[in-house]
Amino acid sequence: MIEKLLTETFKQAVKDLYGQEITGKSAAIQKTRPEFEGDFTFVVFPLLRFSKKSPEQTAEEIGNYFTKNVDEVEKFNVIKGFLNLSLSNAFWLDFFNKNRNKKDYGKKQPGNGDPVVIEYSSPNTNKPLHLGHIRNNLLGWSVSEILKANGENVKKVNLVNDRGIHICKSMLAWQKWGEGKTPQSTGVKGDKFVGDFYVLFDKKYKEQVNELTEKGMDKDEAAKNAPLMQEAKTMLKKWEEGDEEVRKLWAEMNGWVYDGFDVTYERLGVEFDKIYYESDTYLLGKAIVEEGLEKGVFFRKEDGSVWCDLSDEGLDEKLLLRADGTSVYMTQDLGTAQLRYNDFHPRELIYVVGNEQNYHFEVLKLILKKLGRDWADSIIHLSYGMVELPHGKMKSREGTVVDADDLMDEMYETAKKTTEELGKYNDFSEEEADRLYHILGLGALKYFILKVDPKKTMMFNPQESIDFNGNTGPFIQYTHARIRSVIRKGKEAGYDWSSEDLKNSDILPKEKSLIKLLYEYPQTVEQAAKSFSPATIANYAYDLAREFNQFYQEITILKEEDESKRAFRLALAEFTGNTIKSAMWLLGIVVPERM
RNA sequence: GGUCUCGUAGCUCAGCUGGAUAGAGCAGCAGCCUUCUAAGCUGCGGGUCGCAGGUUCGAGUCCUGCCGGGAUCACCA
C-alpha cells in the first residue's frame, strides 16, 4: 500500500529536516480533494512548532524531500499548509495492470481460524416477515459476506423463536375457528395462514376484554382474566409439560410457518449454516440459572422468582426465572449464547438485533461475566435502527405493517413496468425477462435499505424506494450492463486488451479518477468490515458507477483509433464492471449483463 | 425521571480516526441521443451543519449545557 510508504517517508522527513520523532496522528495521510491537483495530501500545521517556519515553507521542504526520496512521487504543490503529492502515471498504471485481472480483487481469502458467528433474522413463528425483518436479514447476510471478504471464517446462524405464548395464541385460534383448514386446503402461504389466526385471536381476545371492562372490571384485570388468555396460558403450560396433543399441533403449525419462511428467504436470497430453535435451547438457560444460584451470583425472592442484582453496575435487578419456574427471554438467551459458544468457540459472536434491545444485550453480557464466562466480551450486538414509514411506525394493530412478500411483489412489478415503458429488450424470452425483473426489483429494494448506515433509524418511503433513477440499485446495475455491452462489442470487434502490460502515456483526468477509485476498493471493504456497515460498500458502488458514467460520457472507448488507448479503456471498463459486480455481491445484489 | 441515541438543503441520505470553499440523489428549472444502452450526462437555484459555550493553529466531527425527536428502564420477546 503506497499510503504506508508515504506516511513513513513523511515521518522520516520530519526527523531528518527538523530532528523530531512524530506519531502517526500528526502524519495523517488523506486523499487530495478533487478540486486540487494531487493524489495524496499531508497537513503540515502540526509541524510548525518543530520547523519554526511558515506553513508554505515547511510543506515545500517536505515536498522536496518526497520528490528526492520516493520515485513514485512525481511532483507536489503547496496550498497554505497543505502538501499535495502527485504520484507518477507509472505508479497508477502499475497498480492497474497488476490488479485488474485479479479474480477476487479487494477480497481476502476466507480464513479457517476461530469462526465469527453471526446471528440474524431470528423470527417469531406466529406471523409473516415484514419490512423490519427485511432490514435485519439484508444486514445480516451482507455483513456476513463483508466479513468473509476480509478473511473471516463466518458462520451464519438463525435462532427461531418457535415457542412461547405467541404461538399458543395462533394454535388456540386455529383449534377454535380453524375448521380443520390448512395452507394446502386453502392455498394460503403457511406463515400468512398462521399469522391470520394470530390476528383472529387478538380480535376475539379484545372483544372479551371489552365485555369485561363494560361489566366494570379494571382494564388490567380484564386483560389478565379474559378466558382466551387463560386458555392460551394453559396451553403454554401444557406445552412445557410435553402434552402430546399440544406438541403435535405445535409441530404442525410451525411446519406451515417454516414452509412459508423458506419461500421468503429463498426469494430474498439469504441462507444459514445452522438454525437454532428456542424449543431446543431454553432448558439450557434454566440450567445456567441454577448454576448462578449455586455460585451466589443470582438470588431467589420469597415468591420463588430468580433475579440478578446489577445495581453495582448502575442497573436494576433483572428477572431470570418467573415465580412459576417458567423461563423469560433472558433465560433463553443465556442458554443460546452458551450453546453457541460450545458449538463454535467463536472469536466473535455477533447478534444482528434492533436497537430497541440495546439494554437487553448490555445486561446479557454483564450476567455472563458475572457467571465467569470470559467469552462474554466476544459478544457484539450489531444494533440497527428501526424502519419507519412516512405515516409513522409500523403497527400491526393499525394495519400499517409492510409485508415482506408483498413488498417484493411490488418491486418486481415496478421493474417490469419500468422496463416495458422504456421499451427495452423485447427480444428477451419470458424466462429472461422474469429473471431480469426479479434482479432489478430486489436490487432496488436491497440497495434502498442497505445504503443507509445500519445504526440509524431509516425512513422507508414506498414512493422513493421504487425509483430507479439516481442513487439507486438499478442505476448501478444499469452501469454494469452498460459496461458489459461495451465489453461484448469490443470482443466482437476482435479487440485484444489481455496484455499484462497495457501502456498509456497520457492518462486523462476521468481515467485517472476512475483508477484512483478502483484503488480504494480494498480499503473500503476493510472499512466496511470494521464498522459492520454495508452502507460503506453501497456508497462506494454508487460513487464508482457515477464516476464511470462520467468517463463513459466524455471519452469514447470502442471508436478510439489509437490501439493502446482503446485497449486501456476497454480494460479500465472491464475492471470497473468487475468491481461493481464484486461490491454489489457484498450487498446481496446481482448485476445483469443486459438491461 | 434515569440511561442510551439521533438532529446536515423542501425530502431521503453521505461526510473514515478533527483539516482546504460541507457533498450526492429526489423534487424544481434549463440543456445534451444521425456517435459505445438517455434507467445516462451537463448546468442553475437551494445550508447560521438544532441552539449556546468550550478545547484546538483548525470543529459538521471532540467536551459541557440547553432545546427537539426516538429507544429503553416489564413475571413481553
Side-chain angles (χ1 to χ4, degrees), chain A residues 24-25 28 30-33 35-36 41-43 45-46 48-49 55 79-82 84 122 124 161 164-166 278 303 305-307 314-316 318-324 326-330 332-333 354-360 362-363 383 385-386 388 390 393 415 418-419 421-422 424-425 440 448 451-453 455-461 463-465 467-472 474-479 481-490 493 523-524 527 530-531 533 535-536 538-539 542-543 545-546 549-550 552-560 569-570 573 594-595:
Chain A
K25 227 188 158 189
Q30 51 196 300
K31 291 193 285 176
T32 303
R33 298 181 51 156
E35 59 266 36
F36 300 101
T41 295
F42 287 100
V43 185
F45 290 116
L48 301 183
R49 33 197 271 257
I79 298 170
K80 292 193 277 182
F82 296 89
N84 301 320
S122 320
N124 288 354
N161 184 11
I165 193 75
H166 53 280
E278 267 185 15
D303 65 357
S305 59
V306 179
W307 298 73
L315 302 173
D316 263 342
K318 186 74 190 175
L319 176 82
L320 294 172
L321 221 48
R322 294 189 187 104
D324 67 0
T326 57
S327 61
V328 292
Y329 182 40
M330 186 58 75
Q332 294 164 182
D333 252 20
N355 62 13
E356 57 199 352
Q357 291 188 36
N358 286 354
Y359 180 75
H360 171 78
E362 193 187 339
V363 171
S383 165
M386 298 291 100
E388 288 182 0
K393 299 178 77 175
T418 308
T419 305
E421 274 172 8
L422 289 169
K424 297 227 171 189
Y425 299 110
L440 295 181
F448 188 83
K451 76 174 173 185
V452 181
D453 183 339
K455 294 194 293 292
K456 293 191 177 171
T457 304
M458 70 165 289
M459 173 63 60
F460 187 88
N461 185 331
Q463 288 292 320
E464 287 174 18
S465 71
D467 197 342
F468 284 13
N469 300 314
N471 189 356
T472 66
F475 165 77
I476 302 170
Q477 290 171 315
Y478 172 76
T479 306
R482 249 183 166 182
I483 291 171
R484 298 311 302 171
S485 169
V486 173
I487 296 302
R488 273 194 306 275
K489 290 190 169 150
Q523 60 209 59
T524 304
Q527 179 60 34
K530 218 182 287 175
S531 52
S533 172
T536 304
N539 289 325
Y542 174 65
D543 285 342
R546 207 156 47 95
N549 279 316
Q550 289 169 11
Y552 179 87
Q553 193 79 16
E554 196 173 297
I555 300 169
T556 184
I557 302 170
L558 294 171
K559 295 208 164 67
E560 172 58 50
R569 287 174 196 163
L570 277 160
R594 296 174 67 196
M595 69 178 270

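By convention in this document, chain letters (A, B, ...) are assigned in the order of the sequence lines, proteins followed by strands, and residues within each chain are numbered from 1.
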Just to verify, what does [X] make a ring pair (Phe, Tyr, Trp, His ring centres under 6.0 Å) with, not counting sequence neighbours?
X	value
A:Y329	A:H360
A:F42	A:F10, A:F66
A:F448	A:F460

Using side chain to side chain donor-acceptor pair (under 3.5 Å) as the criterion, list what pairs up with [X], not counting sequence neighbours.
X	answer
A:D453	none
A:N471	A:Y447
A:E35	A:R33
A:S533	A:T536

Mind listing the closest non-hydrogen atom pair of A:P474 and A:M595 along with its distance? O-CE, 3.8 Å
Looking at the rings of A:F475 and A:Y542, which for Trp means the six-membered one, are their centres under 6.0 Å apart? yes
Tell me what [X] touches on the nucleic acid: a base, only sugar-phosphate, or nothing, going by heavy atoms under 4.0 Å.
X	result
A:V486	sugar-phosphate
A:F36	base
A:I476	nothing
A:F82	base
A:D333	nothing

Using nucleotides 74-77 of chain B, report all nitrogen or oxygen pairs with the protein that are shorter than 3.5 Å.
from: B:C75; atom 1: N4; to: A:D303; atom 2: OD2; distance (Å): 2.2
from: B:C76; atom 1: OP2; to: A:R322; atom 2: NE; distance (Å): 2.8
from: B:C76; atom 1: OP2; to: A:R322; atom 2: NH2; distance (Å): 2.7
from: B:A77; atom 1: OP1; to: A:R322; atom 2: NH2; distance (Å): 3.1
from: B:A77; atom 1: OP2; to: A:Y329; atom 2: N; distance (Å): 3.3
from: B:A77; atom 1: O3'; to: A:N161; atom 2: ND2; distance (Å): 2.5
from: B:A77; atom 1: O2'; to: A:N161; atom 2: ND2; distance (Å): 3.3

Nucleotides 10-15 of chain B: which of its N/O atoms have a protein N/O under 3.5 Å away?
from: B:C13; atom 1: OP1; to: A:M459; atom 2: N; distance (Å): 2.6
from: B:A14; atom 1: OP1; to: A:D453; atom 2: N; distance (Å): 2.7
from: B:A14; atom 1: OP2; to: A:K456; atom 2: NZ; distance (Å): 3.1

Closest-nucleotide mapping onto RNA chain B: is A:Q527 or A:P46 further toward the 5' terminus? I mean the 5' end.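 The residue mapped nearer the 5' terminus is A:Q527.
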Can A:D467 and A:T472 be counted as having a side-chain donor-acceptor contact under 3.5 angstrom? no
Stem list for RNA chain B, please, built from Watson-Crick and G-U wobble pairs under 3.5 Å and keeping only runs of at least 3. B:1-7 with B:67-73, B:10-13 with B:23-26, B:28-32 with B:40-44, B:50-54 with B:62-66
Donor-acceptor pair, A:R484 side chain versus A:R594 backbone, under 3.5 Å?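 Flag not set: sc A:R484 to bb A:R594 has no pair under 3.5 Å.
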N/O contacts under 3.5 Å, protein versus nucleotides 3-5 of chain B?
none

Is the phosphate of B:G23, meaning OP1 or OP2, less than 4.0 Å from a side-chain N or O of A:R33? yes
If we only count heavy atoms from C-beta on, is the A:T32 to A:F82 side-chain gap below 4.5 Å? no
5' to 3', nucleotides 38-43 of chain B under a 4.0 Å protein heavy-atom cut-off (B base, S sugar-phosphate only, - none) gives SBBSS-
